[in-house]
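Here the structure is laid out as structure tokens; the discussion comes afterwards.
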Number of protein chains: 2
Amino acid sequence: MISLNHALDIPLYRQLSTQIMESVVRGELLAGDTLPSVRALAGDLGVNMHTVNKSYHELEAKGIIEIVPKKGAVIKAKEQKISTKRLEGLSDEFRPIVVEALINGMNQEEIYMLITNIISKVRED
Amino acid sequence: MISLNHALDIPLYRQLSTQIMESVVRGELLAGDTLPSVRALAGDLGVNMHTVNKSYHELEAKGIIEIVPKKGAVIKAKEQKISTKRLEGLSDEFRPIVVEALINGMNQEEIYMLITNIISKVRED
DNA sequence: GATTTGTTATAGTATATATAGAACAGATAA
DNA sequence: TTATCTGTTCTATATATACTATAACAAATC
């Protein structure tokens, strides 16, 4: 179930993208599955159609779904090997948070455990 | 040396905060050291005084520096144990990026290696 | 033929980011 | 003491982003 929180300082369209990605990671959404139409999902979530549309296009840019005009959004098969470019992008995103962890006194091992806990949580929910 | 990139979609004040935190992690800035005045640093970096001021207050909110009005910004001693609240905050920040890594085909071990590489880079620079 | 689809366009509001200039009061240095 | 520097506060402007709202279009579907 998807739930958006207007109180967070995380954009609604991004919250939606992340939750759809988590569903894919959990195996709830499989390659070939179709996402609801932008209007239908917007109605369910109580947000504007354009907000859902923005999320879908973000997911398409990440290579997670394929949007077929006049038809729908389909989950793509997971990639086997991560591209160097995407790996660099992830590194840039991880870096400032890793720095924050280090400055708060966490060592490498503790960061590993935090990552492990997060992966468990994602798979649980 | 601090360098801000106007082309990135990362706010200037946040780029500054992150780079100061990296200097602390590297041991270039030690507890008790004083940061340049907001006007002086703004002049060096070619940005507005308020931008530096916002960065300093962000660092103060994170517990990294202490701003003494009319005097300056001083690096605080590193905390020994991370608080539960801050750990939850870090978890929330890590989560969407971990999900992105997983969805791009990375497994736990590969994420570990990425973290290790990032830590090395931060300490090198 | 009617509905649904993603797309495109226009418009409005709110917030965030960054700049600019001015003024204040306290601390520091000459 | 005087002058300078400090962080703070205020007003103002410009731009970008986020979100909503409404409308219309053409193609696919029922």
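Just so we're on the same page: letters track the sequence lines, and every chain starts at 1.
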Between B:Leu4 (CG) and C:dT17 (P), how many Å, whole number? 15 Å
A:Val47 side chain, from C-beta outward: closest of D:dC19, C:dT17, D:dT20: D:dT20
What residues, two or more places apart in sequence or in another chain, satisfy side chain to side chain contact (heavy atoms under 4.5 Å, CB included) together with B:Leu87? A:Met106, A:Leu114, B:Ile82
Write down the distance between CG (A:Leu41) and C1' (C:dT5), rounded to a whole number of angstrom. 15 Å
I need the minimum non-hydrogen distance between A:Ala101 and A:Ile111, along with the two atoms involved. CB-CD1, 3.9 Å
To the nearest angstrom, the CG-P distance between A:Leu16 and D:dT20 comes to 11 Å
Tell me: CG of B:Leu8 to C1' of C:dA18, nearest whole Å? 15 Å
Check the pair B:Tyr112, B:Gln108 against side-chain hydrogen bond (donor to acceptor under 3.5 Å, both in side chains), reporting the backbone distance first and the verdict last. CA-CA 6 Å; B:Tyr112 281 0; B:Gln108 182 174 295; 3.2 Å; yes
Using atom CG of B:Asp9 as one end and atom P of C:dA18 as the other, report the distance to the nearest whole Å. 11 Å
Would you say A:Lys71 has more than 12 foreign heavy atoms packed within less than 6.0 Å of its NZ? no
Would you say a side-chain N or O of B:Thr51 is under 4.0 Å from OP1 or OP2 of C:dT17? no
In sequence, state the C-alpha distance, the side-chain angles, and the governing distance for B:Leu29 and B:Ile20, and then conclude on side chain to side chain contact (heavy atoms under 4.5 Å, CB included). CA-CA 8 Å; B:Leu29 286 174; B:Ile20 291 174; 4.1 Å; yes
Look at B:Arg95 together with A:Asp125 and state whether they make a salt bridge at an N to O cut-off of under 4.0 Å. yes
Quick one: B:Lys54 NZ to C:dT19 P, roughly how many Å, whole number? 11 Å
Specify the separation, in whole Å, of atom CG of B:Leu12 and atom P of D:dT15. 17 Å
Contact string for nucleotides 3-8 of chain D, one letter per nucleotide 5' to 3', B = base within protein heavy-atom range under 4.0 Å, S = sugar-phosphate only, - = neither, reads ---BBB
Using the side-chain hydrogen bond (donor to acceptor under 3.5 Å, both in side chains) rule, collect all pairs that involve residues 23-41 of chain A, keeping only residues at least two apart or in two chains. A:Glu22-A:Arg26, A:Arg26-A:Glu28
In this structure, how many angstroms lie between the C1' atom of D:dT17 and the CG atom of A:Asn48, rounded? 15 Å
Check the phosphate of D:dA18 against A:Tyr13, side-chain N and O only, distance under 4.0 Å to OP1 or OP2. Yes or no? yes
